[in-house]
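A short write-up of the structure that comes next.
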2 protein chains.
Amino acid sequence: MSRKPDILKAAIELFAAKGYHATSTHEIAERAELSEGIIFYYFKTKEHIMLGILEDVFEAYIIGIYDAMEKTDNGWDAIRAYLEFHFRMRRERSTEILCLARDYPSTITNSDSPYNGGVRLYFKRLLELVGSALRQGQEDGTIRDCPVEETAFLIVCTLASFPKFDIIGLAPYTDLDSATEEFIHRVLSPLT
Amino acid sequence: MSRKPDILKAAIELFAAKGYHATSTHEIAERAELSEGIIFYYFKTKEHIMLGILEDVFEAYIIGIYDAMEKTDNGWDAIRAYLEFHFRMRRERSTEILCLARDYPSTITNSDSPYNGGVRLYFKRLLELVGSALRQGQEDGTIRDCPVEETAFLIVCTLASFPKFDIIGLAPYTDLDSATEEFIHRVLSPLT
DNA sequence: AATAAAACTGAGTGAGTACTCAGTTAATAG
DNA sequence: CTATTAACTGAGTACTCACTCAGTTTTATT
């Protein structure tokens, strides 16, 4: 039985608590109750652990949003489903998300890095999903006319910062979920 | 003549290009054309260099917003002045901002760290500035009724993500400034 | 010119860390 | 039972990097 998942679990918890750079592979092995060598049997480098986590979370995020949106039948409901899913995931997989919000190895996000393709692609897919919901809403009349790509980008931007503020210790609002929904609703609701 | 500014300049450029952790104090000294020892004559640790940069940028940001807001005479104009200043600073001090958007030493943002006070305080001041503009706007009728603190938080969140997306290589919109202003305007404009 | 203080050098050092590898144990298949 | 593969160990190793310090040069002061 491979204990690869144990390594990932330990890494996620440590990265979330202390950040990528402050966590050594030695510590990960210790927490997973394994020897350090086995880490490099499953993962080529320490960076590949991070990359694995990143892919897991992003994949689940994108698929989750897609599924949630599909069950709706107008643009605004699709956006609402997106927001709902986002906040559910934020609650249910908070450790993983915290882990991603902390310090990356800069090679992962750098636009000239081999890994960047991954991150950029995930965000592109996200922007496309949100964009298509906006377009749908503009057709069915549940969302007002506005530049689709820019608006999608700004919505994604708004949600993307939450974990950073969690770490700093701000954002202690009791009901951020519904405040955010209202905020986005005000942006998108058709002029009457 | 102290060449401390040269150290800061070199650090900013390198942190912006490669991130904090991927930059060694040796490289900083090399780029500043100084010996490595002098770095630790001016800065207690490598982290204190980052902290210095952070304070400079945040101080300029907060003061700049304050000054820009003061010249206005209603709430919405204050928010507009804030956005304008934000985008101007984004242009004029892009390297420093890039540097802050990359990987921090996690001790700086961690809510249990001695340095966290700084970052949290700066964001608190920012949230207060934005919040007071919103309140002013609600009184003078240029901004609709909405929960002040949450709305301020969400606006700050929206702007805070931009540099991250710059790094990833998204956000290549030709006119993000005015798209953002419209976006925020739609959130805040009074119901007619 | 003499003195004091500030700015700076450069050669360490020691601690820590990602990663390797030869060899062992456990699981699986024929 | 045997052979093969997969899972795992633990003791390295090579190397980097933040930081130190004794001593030198530059600047400012009287």
Side-chain angles (χ1 to χ4, degrees), chain A residues 1-56 99-100 102-110 113-115, chain B residues 1-56 99-100 102-110 113-115:
Chain A
M1 310 261 88
S2 160
R3 294 185 55 194
K4 191 178 171 185
D6 293 6
I7 298 172
L8 275 173
K9 186 167 170 274
I12 288 167
E13 288 167 0
L14 288 166
F15 289 168
K18 325 193 328 173
Y20 175 86
H21 290 100
T23 303
S24 68
T25 49
H26 179 79
E27 280 176 290
I28 296 173
E30 208 173 25
R31 177 170 257 252
E33 290 178 313
L34 284 166
S35 73
E36 206 176 340
I38 196 67
I39 290 181
F40 298 92
Y41 174 72
Y42 288 116
F43 300 94
K44 234 171 118 178
T45 67
K46 187 187 171 192
E47 243 177 62
H48 281 82
I49 306 176
M50 191 67 180
L51 231 55
I53 299 169
L54 199 135
E55 268 167 34
D56 279 2
C99 156
L100 294 191
R102 285 196 180 278
D103 55 333
Y104 288 136
S106 52
T107 47
I108 287 183
T109 38
N110 264 8
S113 111
Y115 304 128
Chain B
M1 309 257 89
S2 162
R3 294 186 55 196
K4 191 179 171 185
D6 293 6
I7 298 172
L8 275 173
K9 187 166 168 274
I12 287 166
E13 288 166 0
L14 288 167
F15 290 168
K18 327 193 326 175
Y20 174 86
H21 289 101
T23 303
S24 68
T25 49
H26 178 80
E27 281 176 288
I28 297 172
E30 208 173 26
R31 177 170 257 254
E33 291 177 311
L34 284 166
S35 72
E36 205 175 340
I38 195 68
I39 290 180
F40 298 93
Y41 174 71
Y42 288 115
F43 300 93
K44 234 171 117 178
T45 69
K46 187 187 172 193
E47 245 178 58
H48 281 81
I49 306 176
M50 190 67 180
L51 230 56
I53 299 169
L54 200 135
E55 266 167 36
D56 279 1
C99 156
L100 294 190
R102 283 195 182 279
D103 55 331
Y104 288 136
S106 52
T107 45
I108 286 183
T109 39
N110 263 6
S113 111
Y115 304 128

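We name chains A, B, ... by the order of the sequence lines, and we start the count at 1 in each one.
- Using a 4.5 Å heavy-atom threshold, the side chains of A:Ile39 and A:Leu34 count as separate.
- Looking at heavy atoms from C-beta onward, A:Arg102 lies in side-chain contact with B:Asn110 at the 4.5 angstrom threshold.
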Base versus backbone protein contacts along nucleotides 18-30 of chain D [heavy-atom cut-off under 4.0 Å; B, S, -]:
BBB----------

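- Contact annotation: B:Tyr41 does not reach the phosphate of C:dC8 (side-chain N/O to OP1 or OP2, under 4.0 Å).
- Phosphate proximity of C:dA6 to B:Tyr42: absent, as no side-chain N or O sits under 4.0 Å from OP1 or OP2.
- Distance NZ (A:Lys18) to P (C:dG16): 12 Å, rounded to an integer number of Å.
- Atom CD in A:Glu30 sits roughly 13 Å away from atom P in C:dG16 (whole-Å rounding).
- For A:Tyr104, there are no ring pair (Phe, Tyr, Trp, His ring centres under 6.0 Å) partners two or more places apart in sequence or in a different chain.
- As a whole-Å value, the separation of A:Leu34 CG from D:dA6 P is 19 Å.
- With a 4.5 Å cut-off on side-chain heavy atoms, A:Arg3 and A:Tyr42 do not count as touching.
- Going from atom NE2 of A:His48 over to atom C1' of C:dA18 covers 14 Å, rounded to whole Å.
- Taking atom CD1 on A:Ile39 and atom P on C:dT20, their separation rounds to 13 Å, with Å as the unit.
- In this entry the distance linking CE of A:Met50 with C1' of C:dA18 reads 17 Å, nearest Å.
- When all heavy atoms are compared, the tightest approach of B:Ile53 to B:Ala11 is CD1-CB, 4.3 Å.
- Cation-pi geometry between B:Lys4 and B:Tyr41 is not met at under 6.0 angstrom from the ring centre and within 45 degrees of the axis.
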